[in-house]
Number of protein chains: 2
Amino acid sequence: MDTSQVKSLLNQHKLKATPSRLALYHYVHDFGSAVPYSNIQDEFKDLDRVTLYRTLNAMCDKGLMHRASVGDDEVHYAVCAHSCTTTEHHHDHVHFKCDDCERLYCVPTKGLSTIELDGYEVREIQIQLSGVCKGCRG
Amino acid sequence: MDTSQVKSLLNQHKLKATPSRLALYHYVHDFGSAVPYSNIQDEFKDLDRVTLYRTLNAMCDKGLMHRASVGDDEVHYAVCAHSCTTTEHHHDHVHFKCDDCERLYCVPTKGLSTIELDGYEVREIQIQLSGVCKGCRG
DNA sequence: TATTAAACGCAACAGTGTTGCAGTAAAAAT
DNA sequence: ATTTTTACTGCAACACTGTTGCGTTTAATA
Ligand SMILES: [Mn+2]
Ligand SMILES: [Mn+2]
Ligand SMILES: [Zn+2]
Ligand SMILES: [Zn+2]
């Protein structure tokens, strides 16, 4: 992804395009799966932890990224596929954790089966799966 | 639930039936829905926090309770419906968070629909729902 | 009742979330 | 291009949580 594209993406969401932010967004974007927080920390050792904390929060708030976690695992960060906003995070996808490579994937699902529960009015669904991913089956 | 029953339940799982443990189990069992950690803290102020931490861990490890959380919410604790063991936690139920009363319920589901994902081999499913619960619909 | 194995309370340390504040850099206005 | 405005950054600081070690106490059992 082009840097100028990320810059305008940030600006569109009312965030200043600082070097750290550009780098962070690129890193998460290019990772190939959701990024464990510890990886981000390692990659951005120089950045003050409070800044990292605020930056991740800002990006999640503004709809550029979202958090994902499965079970008791560490929280992961992934870029939002399409333009989410502060008020609307579109997540028509599930989170899949591979038992083998341990990566966590955001997997799109078309027409996610609605779940019926006797007596309950279901409004939102969140699904986490685990198993073996495409790459690890081969 | 009878205290002597809880005592033998604990003993069956190789845990000593101390007063704190009996009280804790009763509290979570009788709560009516999964218990937020902060509620447990408030209820057991006198208990050392390390003991509480170890006790909850032990009960979860041994299959007497399990953790549940929805979204970024605080972790909740709920008793296991049937006899889980250290190696096998049976969770044929989903977690439902009511937007109204904010309680988190463990809701049993018979024949939980298997989810198919192209290319992925799905082994475990974890589902969290939100909406309005039975009691709050009226 | 005596023995043994487990649980408890306390101290201590690392990690994280969170806020305030003063200096700095990006964006908008001139 | 320079100024002005706005927001981001780094640092200090605090509370809370997870986690471990250790000596004392208590429940289980012989
Ligand atoms: Mn995702
Ligand atoms: Mn449950
Ligand atoms: Zn894999
Ligand atoms: Zn409700």
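In what follows, chains carry the letters A, B, and so on, assigned in the order in which the sequence lines appear, proteins first and then strands, with residues in each chain numbered from 1.
- Rounded to an integer number of Å, the gap from CZ of B:R21 to C1' of C:dA6 is 8 Å.
- Rounding to whole angstrom units, CG of residue B:N57 and P of D:dG18 are separated by 8 Å.
- Here the P atom of nucleotide C:dT16 and the CD atom of B:E74 are 20 Å apart, to the nearest Å.
- If you measure from atom CG of A:L56 to atom C1' of C:dT18, you get 14 Å, rounded to the nearest angstrom.
- Side-chain contact between A:V107 and A:H93 is absent, with no heavy-atom pair separated by less than 4.5 Å.
- The structure places CG of B:L22 at 13.0 Å from NE2 of B:H29, a figure rounded to the nearest 0.5 Å.
- In this structure, the CG atom of A:D61 is 12 Å from the P atom of D:dC8, given to the nearest Å.
- Taking Ile, Leu, Val, Met, Phe, Trp and Tyr as hydrophobic and joining them when side-chain heavy atoms fall under 4.5 Å apart, one finds B:L104 in a cluster with B:V70.
- Residues A:Y120 and B:F96 place their aromatic rings such that the two centres sit under 6.0 Å apart.
- Across all strands shown, A:Q41 has heavy atoms under 4.0 Å from sugar-phosphate atoms exclusively, and none from any base.
- OP1 or OP2 of D:dT9 sits under 4.0 Å from a side-chain N or O of A:T55.
- For the pair B:R49 and B:F44, the cation-pi criterion (under 6.0 Å, within 45° of the ring axis) is not fulfilled.
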Query - Residues B:S38, B:E74; criterion side chain to side chain donor-acceptor pair (under 3.5 Å); working and verdict - result: CA-CA 8 Å; B:S38 57; B:E74 178 177 13; 2.7 Å; yes
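- If you check residues 44-53 of chain A against DNA chain D, the residues with a heavy atom closer than 4.0 Å are A:L47, A:D48, A:R49, A:V50, A:T51, listed by number.
- Atom CZ in A:R67 sits roughly 13 Å away from atom C1' in C:dT16 (whole-Å rounding).
- A 4.5 Å side-chain heavy-atom check between A:R123 and B:D99 finds at least one atom pair inside the cut-off.
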Report summary line: Reading nucleotides 21-30 of chain C from 5' to 3' and marking B where a protein heavy atom lies under 4.0 Å of the base, S where only the sugar-phosphate is that close, and - otherwise, the string is ----BBS---
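- Atoms CG (A:D72) and C1' (D:dT17) sit 14 Å apart, rounded to a whole Å.
- No close placement of the A:H76 and A:H66 rings is indicated, their centers lying 6.0 Å or farther apart.
- Atoms NE2 and CE, on A:H26 and A:M1 in that order, are 7.0 Å from each other to the nearest 0.5 Å.
- Rounding to whole angstrom units, CE of residue B:M59 and C1' of C:dA7 are separated by 12 Å.
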